[in-house]
Amino acid sequence: MFIADLHCHSSASDGLLAPAEVAARAAANGVDMLALTDHDDLGGLAKAREVAERSGVRFINGVEISIEWGGLQVHIVGLDFDMGSEALNAGLASIRSGRISRAQRMSAELEKIGIGGCFEGAMRHSENPSLISRSHFARYLVEIGVSKDVRSVFESYLVPGKPGYVTHHWATLSEAVGWILGAGGIAVVAHPGRYKFSRLEMRNLLDEFAGCGGQAIEVISGSHSQENVNQFSRLAREYRFLASCGSDFHGPEESYIDLGGTPALPSGLTPVWTAFSS
Ligand code: AMP
Ligand code: MN
Ligand code: MN
Ligand code: MN
């Protein structure tokens, strides 16, 4: 069976393994085609590619861009783009530049409920300071015993309506899709089943995404239920989107699904890799 994993993270963003370890683990798990999709950063791609290709795994450049849409944070994956694109690199740098001040605001909010030292604590968990994320805060909150695991942190903290959440201005949908297309890549709506949108809002998102030149959605994701898979298979057919597939692996202890562990794409969909040029 052909195994593609087109969504995962390394320590270049909020994953637990180094880019080389992610590529080696994917190879050991039998992955045939791998894209590393760190949040807002391309720093892990060169090393992951080197190790993947040495192990006989086809490697695809990837990134997961943080945007704001409909008042919520949405993620747009870019695949198979030119890493040297100046507009893409400048756009990603602009997103990263807001993360440290956001983290300071998150830390101040947690301080108000008596949990101190979160900025410094989260920073100790982040190898890439400009990529400080809620995942690093979550790991610190587990470390100091506030929650038993990362999943529980996101039930009680760091999400809208809970302590430690702050609003933030990310990129827009059209900016993110524009940067990906401008770099010759394919834009993909990441894990659409995770967003708390009504059916109408989801259609509005997909309409606007298609209008910007977006071509694909993740039908299979480590965070999708069977119901999500069915729903987004239908929408992929209706919108004539290419279908993508990825584990969203962050690390051995934090992810239910390992690299390459997702089920195959449902038949009748057009896999996103049919449109890759590299
Ligand atoms: P940020 O980009 O700083 O907003 O952090 C978002 C990251 O937090 C995501 O990429 C996930 O890795 C993690 N995350 C968000 N929600 C959850 C959740 N419910 N359970 C586990 N991890 C989550
Ligand atoms: Mn993440
Ligand atoms: Mn995501
Ligand atoms: Mn992800």
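As a basis for the values below, the full set of heavy atoms in this structure was taken, side chains included, without hydrogen atoms, waters or symmetry mates. Note that ligands are numbered from 1 as they come in the structure, with each ligand's atoms numbered from 1 the same way.
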Between NE2 of His9 and OD1 of Asp248, what angle is found at the Mn ion (ligand 4), rounded to 10 degrees? 90°
Pairs of donor and acceptor atoms involving the side chains of residues 263-278, under 3.5 Å and at least two apart or interchain, shall be tabulated with distances.
from   : atom 1 : to     : atom 2 : distance (Å)
Thr274 : OG1    : Pro271 : O      : 2.8
Ser277 : OG     : Asp80  : OD2    : 3.4
Ser278 : OG     : Asp80  : OD1    : 2.5

Hey, does His136 sit under 4.0 Å from ligand 1 if you only count heavy atoms? no
The answer for which part of His39 has a heavy atom under 4.0 Å from ligand 1 is side chain
Give a yes or no on whether Glu227 atom CD has more than 12 heavy-atom contacts from other residues, nucleotides or ligands under 6.0 Å away. no
Arg194 neighbourhood, listing ligand 1 atoms whose heavy-atom distance to it stays under 4.0 Å: 15 (C), 16 (N)
What N, O or S atom of Glu64 is found closest to the Mn ion (ligand 4)? OE1
Among Phe154, Phe137, Trp170, the residue with a heavy atom nearest to atom 19 (N) of ligand 1 is Phe154
Report, rounded to 10°, the angle at the Mn ion (ligand 2) between the two atoms NE2 (His39) and NE2 (His250). 120°
Under a heavy-atom criterion of less than 4.0 Å, does His9 contact ligand 1? no
What is the name of the N/O/S atom of Asp14 that is nearest to the Mn ion (ligand 2)? OD2
Answer yes when Glu50 and Arg54 have at least one side-chain N-carboxylate O distance shorter than 4.0 Å, and no when they do not. yes
Checking heavy atoms under 4.0 Å, the part of Gln73 that sits near ligand 1 is side chain
May I ask you to identify, for Arg102, whether its side chain, its backbone, both or neither come under 4.0 Å of ligand 1 on a heavy-atom basis? side chain
Are Glu64 and ligand 1 in contact, using a heavy-atom cut-off of under 4.0 Å? no
Among all protein heavy atoms in this structure, tell me which lies nearest to atom 2 (O) of ligand 1, with the distance rounded to 0.1 Å. Arg99 NH2, 2.9 Å
Could you see which bit of Asp14 sits under 4.0 Å from ligand 1, with heavy atoms only: side chain, backbone, both or neither? side chain
How far is atom 7 (C) of ligand 1 from the closest protein heavy atom, and which atom is that? Ser135 OG, 3.5 Å
Do me a favour and list the nearest non-hydrogen protein atom to atom 6 (C) of ligand 1 with residue, atom name and distance? Arg134 NH2, 3.7 Å
Just checking: His7, one of its N/O/S atoms, less than 2.8 Å away from the Mn ion (ligand 4), yes or no? yes
Can you confirm whether more than 12 heavy atoms, excluding those of Glu127, are under 6.0 Å from its CD atom? no
Between Gln231 and His224, do the side chains contain an N or O donor and an N or O acceptor separated by less than 3.5 Å? no
